[in-house]
Amino acid sequence: MKLLENRIRQDGRILGTEILKVDSFLNHQIDPELMAAIGKEFARLFADKKIDKIVTVESSGIAPAVFTGLSLHVPVVFARKNKSLTLPDDVWTADVYSFTKEVTNHIMIDHRFLAAGEHILLIDDFLANGQAIEGLLSITQQAEAEVVGVGIVIEKTFQKGRQLLDGLGVEVESLARITSFDEGKVSFLS
Ligand code: G4P
Ligand code: NA
Ligand code: NA
């Protein structure tokens, strides 16, 4: 998605060898017009799929997920991160280890908001090692819902997330695919 690639080139900041800061338009301050365009693009890419609901994780997945829900006219559910050890028993849960932050988050979705047989589109802001998406896949599996697609705003192809998802036989669409941050410059696939 050219609009997004241009914005990353213009406003993204590279941290070290593998982190891209996008807090001026996606992760802290949010550009609603860009998010609306992202929502429309995901709706276009998954137009051939029957989708009942969008599922993401708080917090940075929520903005692109909500705009995708707006374009597809379906509800959006975000998995909550729970820091306490005692979990309510009416939730589906998964443990998500973050390599970036070196913490494990317990994520959870209330049974009321995910039902057996529902067709789910997963959306997230970043695909790095794929742990967040794996956690969401585990939760949807527990609920016996069916994941029909995965939409990623920014994928880093040099980390292992894509490989992990390619093995699942689910359509994965990334709006920007970054191959490297060499020499302080963001390079995109194709
Ligand atoms: P993974 O989910 O693909 O395994 O990613 P990883 O463990 O590496 O990342 C953990 C957190 O860091 C996730 O956010 C993920 O979206 C974010 N992240 C990964 N790579 C980048 C990057 O290059 N830049 C930025 N800005 N974030 C990145 P989270 O812990 O779920 O937190 P939240 O920000 O959504 O609240
Ligand atoms: Na995220
Ligand atoms: Na994030």
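Quantities reported herein were computed from a predicted structural model and do not represent experimental measurements. We count ligands from 1, going down the list as the structure has it; atoms in each ligand are counted the same way.
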Colleague: Heavy-atom contact check, 4.0 Å cutoff: does K81 meet ligand 1?
Modeller: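 K81: in contact with ligand 1 (<4.0 Å).
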
Colleague: Hey, which atoms in ligand 1 end up nearer than 4.0 Å to a heavy atom of N129?
Modeller: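 Per the distance check, 1 (P), 3 (O), 4 (O), 5 (O), 8 (O).
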
Colleague: Where on N27 is there a heavy atom closer than 4.0 Å to ligand 1, on the side chain, on the backbone, on both, or on neither?
Modeller: side chain

Colleague: When you check the gap from the basic side-chain N to the acidic O, do E118 and K53 get nearer than 4.0 Å?
Modeller: yes

Colleague: Identify, by atom number and element, the atoms of ligand 1 in contact range of A132, meaning under 4.0 Å from any of its heavy atoms.
Modeller: 2 (O)

Colleague: Donor-acceptor check, side chain of S138 to backbone of E134, threshold 3.5 angstrom: yes or no?
Modeller: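 Judged by distance alone, no pair lies under 3.5 Å.
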
Colleague: Which of the atoms of ligand 1 are close to E18, meaning less than 4.0 Å from one of its heavy atoms?
Modeller: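 With E18 as reference, the close atoms of ligand 1 come out as 23 (O).
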
Colleague: Does a donor on one side chain sit under 3.5 Å from an acceptor on the other, for N27 and S60?
Modeller: yes

Colleague: Taking only heavy atoms of D125 into account, list the atoms of ligand 1 that are under 4.0 Å away from them.
Modeller: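 Under 4.0 Å from D125, ligand 1 has these atoms: 16 (O).
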
Colleague: Could you list the atoms of ligand 1 found under 4.0 angstrom from a heavy atom of K101?
Modeller: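 The list of qualifying atoms is 29 (P), 30 (O), 32 (O), 33 (P), 34 (O).
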
Colleague: Taking atom types as modelled and ignoring hydrogens, do the side chains of N82 and H106 form a donor-acceptor contact shorter than 3.5 angstrom?
Modeller: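 Per modelled atom types, N82 and H106 side chains form no pair under 3.5 Å.
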
Colleague: Within the structure, is a non-hydrogen atom of G161 found at a distance of less than 4.0 Å from ligand 1?
Modeller: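 In this structure, G161 fails to qualify as a contact of ligand 1 - no heavy atom is under 4.0 Å.
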
Colleague: Quick one: sort the W92 and H111 rings into parallel, tilted or perpendicular, breaks at 30° and 60°.
Modeller: tilted

Colleague: If the cut-off is 4.0 Å to any non-hydrogen atom of Y97, which atoms of ligand 1 fall inside it?
Modeller: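 So the answer, numbered in order with elements, is 7 (O).
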
Colleague: Pull out every atom of ligand 1 sitting under 4.0 Å from any heavy atom of Q131, numbered as shown with elements.
Modeller: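 Here the atoms of ligand 1 in question are 1 (P), 2 (O), 3 (O), 4 (O).
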
Colleague: With a cut-off of 4.0 Å, which atoms of ligand 1 are near a heavy atom of S98?
Modeller: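 Close to S98: 7 (O), 9 (O), 10 (C), 11 (C).
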
Colleague: Look only at interatomic distance and state if I133 has a nitrogen or oxygen under 3.5 Å from any nitrogen or oxygen of ligand 1.
Modeller: no

Colleague: Going by heavy atoms in the side chains, are I178 and F158 under 4.5 Å from each other?
Modeller: yes

Colleague: Can you tell me if Q159 has a non-hydrogen atom under 4.0 Å from ligand 1?
Modeller: no

Colleague: For ligand 1, indicate whether the residue D23 contacts it via side chain, backbone, both or neither (heavy-atom separation under 4.0 Å).
Modeller: neither

Colleague: Compare all side-chain heavy atoms of I14 with those of I19 and state whether any distance is below 4.5 angstrom.
Modeller: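 A side-chain contact under 4.5 Å is absent here.
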
